[in-house]
*Asks:* 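After the structure tokens below, expect a handful of questions from me.
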Amino acid sequence: MGTPGGAAVTIRARVVVASNRAAAGIYADTSGPRLVAGLRELGCEVDEAPVVVPDGDPVAEALRAAVADGIDVVLTSGGTGVTPTDRTPEATRGLLDFEIPGIAEAIRAHSRDRVPAAALSRGLAGVAGRTLIVNLPGSTGGAKDGLAVLGPLLAHTVDQIRGGDH
């Protein structure tokens with residue numbers, strides 16, 4: 001993966017799936033593996049399987065672990081809607097040093113014409129330490145749309161977080 005200036009950038013990524021039902025083994029998550037594959041296609045180094053946790057505090061714990069492990073990019077899947085159990089944005093916001101609202105807005109805008117309910121996503125994007133965290137909806141379509149928006153931005157964003165020049 002390169003930056004706009006052409007230098008190669010190694011990006012370490014992790015996927016965290018926030019799903020009470022998948023964490024309990026009630027059903028198999030499909031968005032997490034799609035994100036892992038998509039991140040690999042973008043040239044990222046990413047673990048074979050996503051981290052699957054219940055929504056809420058376990059998401060915050062998984063995000064803290066990723067930051068402590070020096071992961072460059074964490075994509076979360078799920079928990080961004082408006083149900084009482086959707087708490088991923090709250091778990092994320094408490095860890096962020098600053099938000100990057102344009103990323104979350106672009107992801108919602110990319111999906112909105114095809115999937116009107118995309119406007120209900122409360123997903124955030126921002127930086128904790130030197131880790132970019134992006135919340136995506138918990139569907140394969142949400143994963144696909146998130147990757148489409150992030151693809152052209154990821155290397156440059158990670159380079160900037162690392163202190164690269166404009």
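All heavy atoms count here, side chains included; hydrogens, waters and symmetry mates do not. Predicted model, so just to flag it, every value in this text is computed and none were measured.
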*Asks:* Do Leu136 and Val82 share a hydrophobic cluster, counting only Ile, Leu, Val, Met, Phe, Trp and Tyr and linking them when any side-chain heavy atoms are less than 4.5 Å apart?
*Replies:* no
*Asks:* Only counting residues at least two apart or in another chain, list the ones meeting salt bridge (charged side-chain N to carboxylate O under 4.0 Å, His left out) with Glu99.
*Replies:* Arg93
*Asks:* Would you name the heavy atoms of Gly79 and Pro89 that are closest together and state the gap between them?
*Replies:* O-CD, 3.2 Å
*Asks:* Only counting residues at least two apart or in another chain, list the ones meeting side-chain hydrogen bond (donor to acceptor under 3.5 Å, both in side chains) with Ser31.
*Replies:* Asp29, Ser77
*Asks:* Of all the heavy-atom pairs spanning Val74 and Ala66, show the shortest one and how long it is.
*Replies:* CG2-CB, 3.4 Å
*Asks:* Of all the heavy-atom pairs spanning Thr10 and Asp72, show the shortest one and how long it is.
*Replies:* O-OD2, 3.7 Å
*Asks:* Arg122: what forms a side-chain hydrogen bond (donor to acceptor under 3.5 Å, both in side chains) with it, not counting sequence neighbours?
*Replies:* Glu90
*Asks:* Arg64 vs Leu95, test: side chain to side chain contact (heavy atoms under 4.5 Å, CB included). Steps then yes/no.
*Replies:* CA-CA 8 Å; Arg64 275 193 290 277; Leu95 301 174; 3.5 Å; yes
*Asks:* How would you list, by chain and number, every residue that makes a side-chain contact (heavy atoms from CB on, under 4.5 Å) with Asp145, sequence neighbours excluded?
*Replies:* His110, Ser111, Arg114
*Asks:* Considering only distance and modelled atom types, tabulate donor-acceptor pairs under 3.5 Å from the side chains of residues 19-27, sequence neighbours left out.
*Replies:*
from	atom 1	to	atom 2	distance (Å)
Ser19	OG	Ala22	N	3.0
Ser19	OG	Tyr27	OH	3.4
Asn20	OD1	Asp55	N	2.9

*Asks:* Consider side chain to side chain contact (heavy atoms under 4.5 Å, CB included). Of Val134, Val127, Leu132, which one does Thr157 pass it with?
*Replies:* Leu132
*Asks:* With sequence neighbours excluded, what pairs up with Leu147 under the side-chain contact (heavy atoms from CB on, under 4.5 Å) test?
*Replies:* Arg34, Leu35, Leu39, Leu42, Leu75
*Asks:* Please round to the nearest 0.5 Å and tell me the distance separating atom CD1 of Ile11 and atom CG of Asp159.
*Replies:* 9.0 Å
*Asks:* Give me the atom names and distance for the closest heavy-atom approach of Ile133 to Ala128.
*Replies:* CD1-CB, 4.0 Å
*Asks:* List the residues meeting salt bridge (charged side-chain N to carboxylate O under 4.0 Å, His left out) with Asp69, not counting sequence neighbours, and say none if there are none.
*Replies:* Arg14
*Asks:* So if you build clusters from Ile, Leu, Val, Met, Phe, Trp, Tyr with side-chain heavy-atom gaps below 4.5 Å, do Ile107 and Val59 land together?
*Replies:* no
*Asks:* Could you pull out all residues at least two apart from Ser121 that satisfy side-chain contact (heavy atoms from CB on, under 4.5 Å)?
*Replies:* Thr80, Arg108, Pro137
*Asks:* Identify all side-chain donor-acceptor contacts of residues 44-53 below 3.5 Å with residues at least two apart in sequence or on another chain.
*Replies:*
from	atom 1	to	atom 2	distance (Å)
Glu48	OE1	Arg40	NH2	3.4

*Asks:* Show the nearest heavy-atom pair for residues Val16 and Ala62, with the distance to one decimal.
*Replies:* CG1-CB, 3.9 Å
*Asks:* According to a 4.5 Å side-chain heavy-atom criterion applied to Ile, Leu, Val, Met, Phe, Trp and Tyr, with indirect links allowed, do Ile71 and Leu96 form part of one hydrophobic cluster?
*Replies:* yes
*Asks:* Who are the side-chain hydrogen bond (donor to acceptor under 3.5 Å, both in side chains) partners of Thr140, not counting sequence neighbours?
*Replies:* none
*Asks:* Which heavy atom of Thr88 sits nearest a heavy atom of Ala18, and at what distance?
*Replies:* OG1-CB, 3.3 Å
